[in-house]
Every structure is written in structure tokens, then in C-alpha cells.
Amino acid sequence: MASSAKADPEEHNREDEENAPAADDEDTGAQVAPIIKLEEVAVSTGEEDEDPMLDLKAKLYRFDKEGNQWKERGVGNVKLLKHKVSGKVRLVMRQSKTLKICANHFVLPTMTVQEHAGNDKSCVWHATDFADGELKEEMFCIRFASVENCKSFMEMVQEVAESRGKKEENKDATVTADLLEKLSVGESKSDGKDQEEKAAASKDKEAVEDKSETEEGTKDEPASKA
């Protein structure tokens with residue numbers, strides 16, 4: 001009985017190992033270097049040389065002439081960006097998820113924004129757009145979340161358009177003044193040249209007359225002596 005009651009130590013150890021809970025993986029502290037090293041790539045948006053004047057979330061539509069209906073271009077943030085050097089302002093809008101460009105055109109002096117009939121949160125305008133990689137005449141409609149945002153957009157665009165118009169007028173006036181100044185300088189130079197030519201011709205005429213008188217006087221001298 002004693003021999004049967006006595007347990008086998010090895011068998012007992014095996015049972016303990018089987019019944020023992022699994023140990024957690026030990027942290028050896030070793031660092032495994034990645035197989036491929038990814039380098040940080042700078043992404044250019046094309047807006048680095050521009051300062052934002054307006055940035056509002058909205059939904060943009062374009063008018064499809066063939067289908068005679070409005071089609072959605074995307075939901076995102078519409079921006080007015082002013083170039084740091086030239087001072088030109090362009091309207092840019094990208095889709096929120098894909099960042100695809102929905103609208104991309106300059107705010108010109110001829111651009112006017114009008115409130116969309118029947119919706120005081122929307123407005124419409126015409127522009128020569130470059131969003132699809134080529135210049136196309138487009139009619140846009142944009143809808144904002146509030147009336148205040150729509151008014152802010154319309155007022156800012158109108159202000160920029162009027163400002164660009166005044167700059168164009170001043171530029172044209174400056175160019176015209178420069179042309180008139182060059183023209184007047186050219187005329188004065190021409191008048192001076194004409195006067196010099198006339199003076200030279202008068203001197204030549206006097207010289208010829210003096211020479212003629214001298215020759216006639218020389219011919220008359222022998223006759224007087226005789």
C-alpha cells in the first residue's frame with residue numbers, strides 16, 4: 001500500500017507543468033530594425049506662397065448645360081488665397097475626403113456673386129475655371145451652413161473684385177501716362193532736330209551768299225583799276 005500510495009516525482013512534475021498557467025512572453029529589450037526605411041516626403045499643396053483671406057465649409061455645385069441641371073462637385077472648404085508677391089486672389093475648393101480640386105480660378109474685376117433665388121444660404125457666379133486641368137467657362141452655385149457665412153463669402157469676393165478693378169485702372173493709367181511721356185519726349189527731340197537742321201541750312205545759305213558776293217567783288221576790282 002505504501003508503495004502504491006507513493007507518487008512518482010517525475011510524473012508529479014509533469015502534471016504540475018501541464019496544469020501551470022502559460023507564462024507571458026518575456027521582454028528581452030531587443031530592438032528589431034524595420035526591413036524598409038520610409039523617408040518623410042514633403043507634400044506641396046501649391047498654396048505655400050499664398051495667404052488665406054477666407055476659409056469656410058460649404059457644398060459646391062456646377063451647372064451642366066447639356067443636362068440642364070445642377071450637379072454636385074463636392075463638400076469641402078472654399079478658400080480665398082492672396083499671393084504674397086503679385087497680390088492676385090484666387091478661389092480654391094477641395095473635397096474634404098479626397099482633396100480633389102472642385103474649383104480653382106482667379107477673382108477678376110468682372111466677377112460678380114449673386115444670391116441664389118429662393119435660398120439665402122446659397123449664391124451663384126460665373127468664372128473661367130481650371131479645376132479640371134483646362135480653362136472652362138463654368139457657372140457655380142455654393143451652399144453654406146448659415147446665412148452669415150454666405151454673406152461673408154459674397155462680401156469678400158465683391159471686395160476683392162472691386163479692389164482688383166481699381167488696381168487695373170491705376171495700372172492702365174500709369175501705362176498711358178508713360179506712353180504719353182515717351183511720345184512728348186520723342187516730339188521734343190524731333191522738334192530740336194528740325195531746328196538744328198534749319199539752323200544748319202540757314203548757315204549754309206549765308207555762307208553761299210557770302211561766297212558769291214566775294215567772287216563778284218573780286219571780278220569788279222580790275223575794271224575799277226582800269
Side-chain angles (χ1 to χ4, degrees), residues 40-179:
E40 185 177 354
V41 178
V43 179
S44 176
T45 62
E47 303 174 7
E48 289 76 13
D49 296 330
E50 297 169 309
D51 293 325
M53 302 176 63
L54 187 75
D55 189 345
L56 296 171
K57 189 172 183 179
K59 179 180 286 187
L60 184 68
Y61 301 84
R62 62 172 288 273
F63 188 74
D64 182 16
K65 296 179 182 178
E66 296 180 357
N68 195 28
Q69 61 181 340
W70 289 101
K71 288 189 175 181
E72 183 179 333
R73 289 284 282 179
V75 178
N77 283 44
V78 60
K79 299 179 181 180
L80 292 179
L81 303 173
K82 184 176 182 180
H83 197 274
K84 297 178 181 178
V85 179
S86 66
K88 293 183 178 180
V89 178
R90 67 177 178 129
L91 184 150
V92 180
M93 183 171 177
R94 298 175 183 268
Q95 294 180 1
S96 297
K97 296 181 179 180
T98 63
L99 298 182
K100 181 181 178 182
I101 296 178
C102 306
N104 181 21
H105 62 78
F106 285 111
V107 179
L108 301 176
T110 55
M111 180 176 167
T112 57
V113 184
Q114 299 177 345
E115 183 177 313
H116 190 271
N119 193 335
D120 53 2
K121 296 180 182 179
S122 304
C123 54
V124 295
W125 73 93
H126 288 86
T128 305
D129 191 68
F130 195 71
D132 295 330
E134 59 180 352
L135 290 174
K136 292 192 301 183
E137 291 293 329
E138 297 282 11
M139 182 177 181
F140 291 111
C141 175
I142 193 167
R143 187 174 68 190
F144 296 92
S146 65
V147 178
E148 290 75 14
N149 286 353
C150 185
K151 288 183 177 180
S152 297
F153 175 80
M154 294 177 63
E155 291 173 357
M156 182 63 71
V157 171
Q158 194 67 29
E159 181 181 339
V160 171
E162 292 177 357
S163 175
R164 295 303 302 173
K166 291 179 181 179
K167 288 183 178 180
E168 291 294 332
E169 290 177 0
N170 293 336
K171 183 179 179 181
D172 293 340
T174 303
V175 171
T176 302
D178 291 341
L179 291 175

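Note that the structure is predicted; figures quoted are calculated from it, not measured.
Inter-residue side-chain proximity for Met111 and Trp125 is flagged as met; some heavy-atom pair is nearer than 4.5 Å. The closest side-chain heavy-atom distance from Cys141 to Phe63 is not below 4.5 Å.
Few gaps surround NZ on Lys84; more than 12 heavy atoms of other groups in view lie less than 6.0 Å from it.
Under the 3.5 Å distance criterion, the side-chain polar atoms of Glu50 are left unmatched by any main-chain donor or acceptor of Val89.
Of all non-hydrogen atoms in Lys57 and Val75, the two that sit nearest each other are CE-CG1, 4.2 Å.
Once rounded to the nearest 0.5 Å, the distance linking CE of Met139 with CD of Glu137 reads 12.5 Å. Distance check, rounded to the nearest 0.5 Å: OG1 of Thr128 to CG of Leu108 gives 7.0 Å. Annotation: the span from Asp129 atom CG to Leu135 atom CG amounts to 8.5 Å, rounded to 0.5 Å. With rounding to the nearest 0.5 angstrom, the NZ atom of Lys82 is 14.0 Å from the CG atom of Leu54. Taking NZ from Lys59 and CZ from Arg143, the interatomic distance works out to 5.0 Å, rounded to the nearest 0.5 Å. Asn119 contributes atom CG, which lies 8.0 Å from atom SG of Cys150 (distance to the nearest 0.5 angstrom).
At a threshold of 4.0 Å, the pair Arg73-Asp132 counts as salt-bridged, since one of the basic side-chain nitrogens sits closer than that to a carboxylate oxygen.
Between Phe153 and Phe144, the ring center distance clears the sub-6.0 Å criterion.
If you check the side chains of Arg90 and Asn104, you find a donor sitting under 3.5 Å from an acceptor.
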Stepwise, does the side chain to side chain contact (heavy atoms under 4.5 Å, CB included) test hold for Lys121 with Ser146? CA-CA 6 Å; Lys121 296 180 182 179; Ser146 65; 5.6 Å; no
